[in-house]
Amino acid sequence: MDLQIKGKKAIMAGGSAGMGRATAERLAEAGAELYITARREERLVQAAKEISEKYGTKVTPVVADSSKEEGRAALFAACSDPDILSITIKPPPPNGDFLKVTPEMWRESIETALIGPMEIMRNYIPVMKEKGWGRIVNIATFSAKNPMIWRLMSGPARSALLNYTASVSREVAPHGVIMNNLLPGMFQTEGASEIMGHYAEAFGLEPEPEIVREHFVANNKIPAGFSGQADDLAPMAAFLCSELARFIVGQNIVIDGGQHNSIF
């Protein structure tokens with residue numbers, strides 16, 4: 001399928017690993033010129049090199065923490081006029097006892113999962129409106145609409161992000177700027193593997209791998225029968241970044257193997 005984005009300039013914020021990396025590869029495969037950001041320089045530079053060599057497209061790595069003002073400034077300086085913007089963030093660790101969640105923890109969650117993405121979008125939307133074409137895709141989490149007590153640091157802030165995106169998308173769609181969100185469920189990515197080290201603590205379990213695995217499977221039933229891989233999401237992300245998605249506005253598309261039990 002021709003996504004009709006060859007030669008477009010695309011940013012993948014959080015593009016060095018996991019779903020961000022997989023999405024960056026699909027955009028590169030479609031012929032987009034890429035800018036990918038992440039905090040870990042060595043992994044980021046290696047990812048940019050590998051994607052460029054594999055797909056024969058220009059890939060510029062930008063070391064940046066998008067939750068910080070200086071990180072966003074570095075991105076804005078590196079790429080001032082993208083056609084495509086996709087954003088993902090590393091999932092926060094499980095929070096444990098909800099009564100122990102502090103204001104400082106909430107502030108960090110909001111800075112990372114809400115303010116960071118909003119500020120990046122706010123910077124680039126006027127540029128896209130002037131061009132008369134743009135695509136914005138947030139890779140968020142299904143816990144934004146599927147409340148989970150152990151994902152408090154992940155869900156609420158991105159529920160607000162979904163509200164923001166849905167509201168703004170209707171304002172910018174007449175200018176050819178299309179905004180949507182993807183809500184992944186349980187995926188086997190490097191970031192997800194890192195946070196699972198905190199899962200036992202969150203539920204007061206003995207830190208034995210078999211105990212943790214049994215508890216996770218029992219409490220996270222996935223009808224598809226497996227956790228997702230990054231490439232189970234990336235094709236949809238690339239599609240939403242394409243010309244073909246021009247009539248899909250302000251949607252929250254869940255990709256979770258059927259775990260979220262709802263028709264809306």
From the list N252, L240, T88, T23, side chain to side chain contact (heavy atoms under 4.5 Å, CB included) with L182 holds only for L240
Measuring from atom [atom1] of [X] to atom [atom2] of [Y], what distance do you get when rounded to the nearest 0.5 angstrom?
X	Y	atom1	atom2	answer
K58	I51	NZ	CD1	15.0 Å
Q251	N180	CD	CG	6.5 Å
N261	K221	CG	NZ	12.5 Å
D231	M19	CG	CE	11.5 Å

Would you check if there is a donor-acceptor pair between the side chains of R158 and Y164 at a distance under 3.5 Å? no
Query raised in the report: Under 4.0 Å between a Lys/Arg side-chain N and an Asp/Glu carboxylate O for R21 and E25?
Result: yes
Using a 6.0 Å cut-off, check whether atom [atom1] of [X] has over 12 heavy atoms from anything other than its own residue.
X	atom1	value
E243	CD	yes
R246	CZ	no
E104	CD	yes
E108	CD	no
K131	NZ	yes
Q4	CD	yes
E69	CD	no
E50	CD	yes

Quick check: closest heavy atoms across [X] and [Y], and the distance to 0.1 Å?
X	Y	result
G15	A24	O-CB, 4.4 Å
S16	A38	OG-CB, 3.3 Å
S80	V127	O-CG2, 3.7 Å
A234	R26	CB-CG, 3.6 Å
G258	D256	N-OD1, 2.9 Å
S169	G250	OG-CA, 3.2 Å

Q: Please list, chain by chain and in numerical order, all residues satisfying ring pair (Phe, Tyr, Trp, His ring centres under 6.0 Å) with Y124, sequence neighbours excluded.
A: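 Counting only residues at least two positions away or on another chain, Y124 forms a ring pair (Phe, Tyr, Trp, His ring centres under 6.0 Å) with F76.
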Just wondering, do [Y] and [X] contact through their side chains at under 4.5 Å, heavy atoms?
X	Y	answer
S227	I222	yes
L162	L183	yes
L3	L244	yes
D81	E130	no
L27	C241	yes
L75	N123	no
T112	K90	no
Q259	V254	no

Between [X] and [Y], is there a donor-acceptor pair closer than 3.5 Å when you use the side chain of the first and the backbone of the second?
X	Y	value
S109	M105	no
N95	L152	yes
S52	A48	no
D65	R39	no
K54	A28	no
D97	L99	yes
S67	E111	no
D83	K9	yes
S86	V137	yes
T37	G14	yes

Side chain to side chain contact (heavy atoms under 4.5 Å, CB included) against S143, all qualifying residues, sequence neighbours excluded
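Scan of S143 (side chain to side chain contact (heavy atoms under 4.5 Å, CB included), adjacent residues dropped) gives T141, M148, R151, S154.
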* To do: Start with the C-alpha gap between I255 and M236, add the side-chain angles, then the distance that decides, and say whether side-chain contact (heavy atoms from CB on, under 4.5 Å) holds.
  => CA-CA 9 Å; I255 302 179; M236 177 61 78; 4.0 Å; yes
Problem set entry | Intermediate values then yes/no, side-chain contact (heavy atoms from CB on, under 4.5 Å), I120 and I11 | CA-CA 11 Å; I120 296 174; I11 291 172; over 6 Å; no
Linking I/L/V/M/F/W/Y whenever any side-chain heavy atoms sit under 4.5 Å apart, do [X] and [Y] land together?
X	Y	value
V172	V249	no
M128	W133	no
I36	V45	no
I139	M179	no
M118	I89	no

| task | Using the ring pair (Phe, Tyr, Trp, His ring centres under 6.0 Å) rule, collect all pairs that involve residues 221-262, keeping only residues at least two apart or in two chains. | result |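 Every pair satisfying ring pair (Phe, Tyr, Trp, His ring centres under 6.0 Å) with a residue in residues 221-262: there are none.
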